[in-house]
Amino acid sequence: MDWDKLRIFHAVADAGSLTHAGDVLHLSQSAVSRQVRALEEMLGSTLFHRHARGLILTEQGEMLFDATKAMSRKLDTTTARIRDSEEHVAGELKITTTTGFGTLWLVPRLGKLYERYPDLKIDLMLEERVLDLLMREADVAIRMKEPSQADLIRRRLLNIRMRLYVSPEYAAQRGVPQTLEDLPGHRLICQNPTTPQVSAGAVLSQSLLSRHVSATLLVNSYFGVLQGVLSHVGVGILPDYMETEAPHLIRALPDVESAEVPVFLAFPEELRSSRRVAAFRDFVVEEIQSLRRNPGES
């Protein structure tokens, strides 16, 4: 089978459009169309249903697309292994984690990682959606729950809880709420419980919002919540690692916190020998161990 035609078919199936596939492949739409027709003639099967809004795979097309996806993943893995055979850590590493952990904990530490590996190229994807590591949407994930997919190497990094904090300036002006009965006199800053987030944080937010708080600021990320707290807007729900990242914050309602949230690092079994993955994993583990030894340092 013609590998070039398969490559073009895969791009068309992935994009769902001849035009978009042509843009990816740097080919004209007519050239892409000719290659797809030639592949269909060679196989004696129709691979796409064509309609005004784009292309839909036929049953035979789905079968072939499954095969080309597996081939693509294998080629990506082989390419990564070849690159990792170099003596130094270099090349691209795709990392995914939540917006909160990525912006508040990981990004501030990446300077140290680049000092150690200056040729590393990191593609950091911050989102609440869980990317599919086995489909190579990312190489490494740091998630707020244990991964459910098989064939993933995983390591529990730490456990966190959501707690409440205020700035020293806010404490001086409005005081620090100590009990749930004090909360209605303060403005609560938190994520809307309906937005994507760790379930323990949503449960705590919902519980506190139900206590008839007089004023609220709902933000769809913990970074936004932190900015509200630092700007003395109110009492914010934040992950407890902020006690290290922003040690000047004052904990409010000291008896109130979320359930424990496990933080896992995971990557596909096929990347076990990747130098880039190992370098990033070891760096993150070292940083967490350093914080445990020196909880007052960032």
Side-chain angles (χ1 to χ4, degrees), residues 95-110 112-113 124-131 133 138-150 152-166 180 188-193 195-208 219-226 229 235-268 277-278 280-298:
I95 303 166
T96 179
T97 188
T98 61
T99 304
F101 192 81
T103 55
L104 301 178
W105 192 90
L106 181 58
V107 170
R109 290 171 166 76
L110 289 182
K112 297 179 186 177
L113 182 62
L124 183 59
M125 295 166 280
L126 303 179
E127 52 183 296
E128 307 313 308
R129 180 174 69 93
V130 177
L131 300 187
L133 298 184
D139 299 318
V140 184
I142 299 177
R143 307 305 308 186
M144 305 300 115
K145 63 179 181 179
E146 184 169 5
S148 59
Q149 286 182 300
L152 292 180
I153 297 173
R154 67 210 59 199
R155 175 164 183 161
R156 190 165 184 156
L157 297 174
L158 73 161
N159 301 311
I160 62 174
R161 294 179 185 270
M162 307 303 163
R163 294 172 174 171
L164 291 99
Y165 300 92
V166 298
L180 289 171
L188 180 66
I189 312 172
C190 64
Q191 292 200 60
N192 189 314
T195 61
Q197 59 184 298
V198 294
S199 59
V203 169
L204 178 59
S205 297
Q206 182 64 60
S207 171
L208 296 178
V219 190
N220 66 346
S221 76
Y222 285 119
F223 180 76
V225 173
L226 175 63
V229 173
V235 182
I237 299 177
L238 290 166
D240 61 4
Y241 55 76
M242 292 312 303
E243 294 173 10
T244 298
E245 305 307 299
H248 61 286
L249 294 182
I250 299 171
R251 186 174 176 187
L253 282 75
D255 295 328
V256 176
E257 61 184 9
S258 76
E260 196 169 70
V261 180
V263 181
F264 281 85
L265 182 146
F267 55 90
V277 170
F280 177 74
R281 176 202 59 205
D282 294 345
F283 173 77
V284 170
V285 170
E286 287 172 14
E287 285 295 305
I288 289 174
Q289 290 175 344
S290 174
L291 292 181
R292 287 171 174 164
R293 290 192 300 268
N294 307 290
E297 298 178 9
S298 61

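FYI, the numbering just counts along the sequence from 1. Hydrogens, waters and symmetry mates play no part in the numbers below; they use all other heavy atoms, side chains included.
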Atom [atom1] in [X], atom [atom2] in [Y]: separation rounded to 0.5 Å?
X	Y	atom1	atom2	result
L152	E146	CG	CD	10.0 Å
R129	L126	CZ	CG	13.0 Å
L124	L110	CG	CG	6.5 Å
R143	E128	CZ	CD	6.5 Å
L238	C190	CG	SG	10.5 Å
L265	L158	CG	CG	11.0 Å

V107 and F223: side chain to side chain contact (heavy atoms under 4.5 Å, CB included), yes or no, with the steps?
CA-CA 12 Å; V107 170; F223 180 76; over 6 Å; no
Taking every non-hydrogen atom, the tightest pair across [X] and [Y]:
X	Y	result
L204	S258	CD2-N, 3.9 Å
P108	G102	CD-O, 4.3 Å
V261	A200	CG2-CB, 3.6 Å
I237	V225	O-CG1, 3.4 Å
P262	N159	CA-OD1, 3.5 Å
A266	L133	O-CD1, 3.5 Å

Are more than 12 heavy atoms from other residues, nucleotides or ligands located less than 6.0 Å from atom CZ of R154?
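Counting other residues, nucleotides and ligands, CZ of R154 exceeds 12 neighbours.
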Quick check: are there more than 12 heavy atoms from other residues, nucleotides or ligands sitting under 6.0 Å from CZ of F264?
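More than 12 within 6.0 Å, yes.
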Begin from the C-alpha positions of Y222 and F101 and carry the test ring pair (Phe, Tyr, Trp, His ring centres under 6.0 Å) through to its verdict.
CA-CA 8 Å; Y222 285 119; F101 192 81; over 10 Å; no
Decide side chain to side chain contact (heavy atoms under 4.5 Å, CB included) for I95 and D139; before the verdict, give the C-alpha distance in whole Å, the side-chain angles of both, and the deciding distance to 0.1 Å.
CA-CA 6 Å; I95 303 166; D139 299 318; over 6 Å; no
If we ignore hydrogens and angles and just use 3.5 Å, is the side chain of [X] paired with the main-chain N or O of [Y] as donor and acceptor?
X	Y	result
T96	M125	yes
Q197	N192	yes
T195	Q191	no
R163	E257	no
R251	V166	no
T103	T99	yes
D240	R161	yes

Do the two ring centres, one from F280 and one from F267, sit under 6.0 Å apart?
no
Inspect the contact between R109 and E286 and indicate whether a charged nitrogen and a carboxylate oxygen are less than 4.0 angstrom apart.
no
Are side-chain heavy atoms of M162 and V198 found at a separation under 4.5 Å?
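The answer is yes; the side chains approach within 4.5 Å.
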Minimum side-chain heavy-atom gap L208-L164 below 4.5 Å
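A side-chain contact under 4.5 Å exists here.
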Determine, stepwise, if the pair L104 / M242 fulfils side chain to side chain contact (heavy atoms under 4.5 Å, CB included).
CA-CA 8 Å; L104 301 178; M242 292 312 303; 3.8 Å; yes
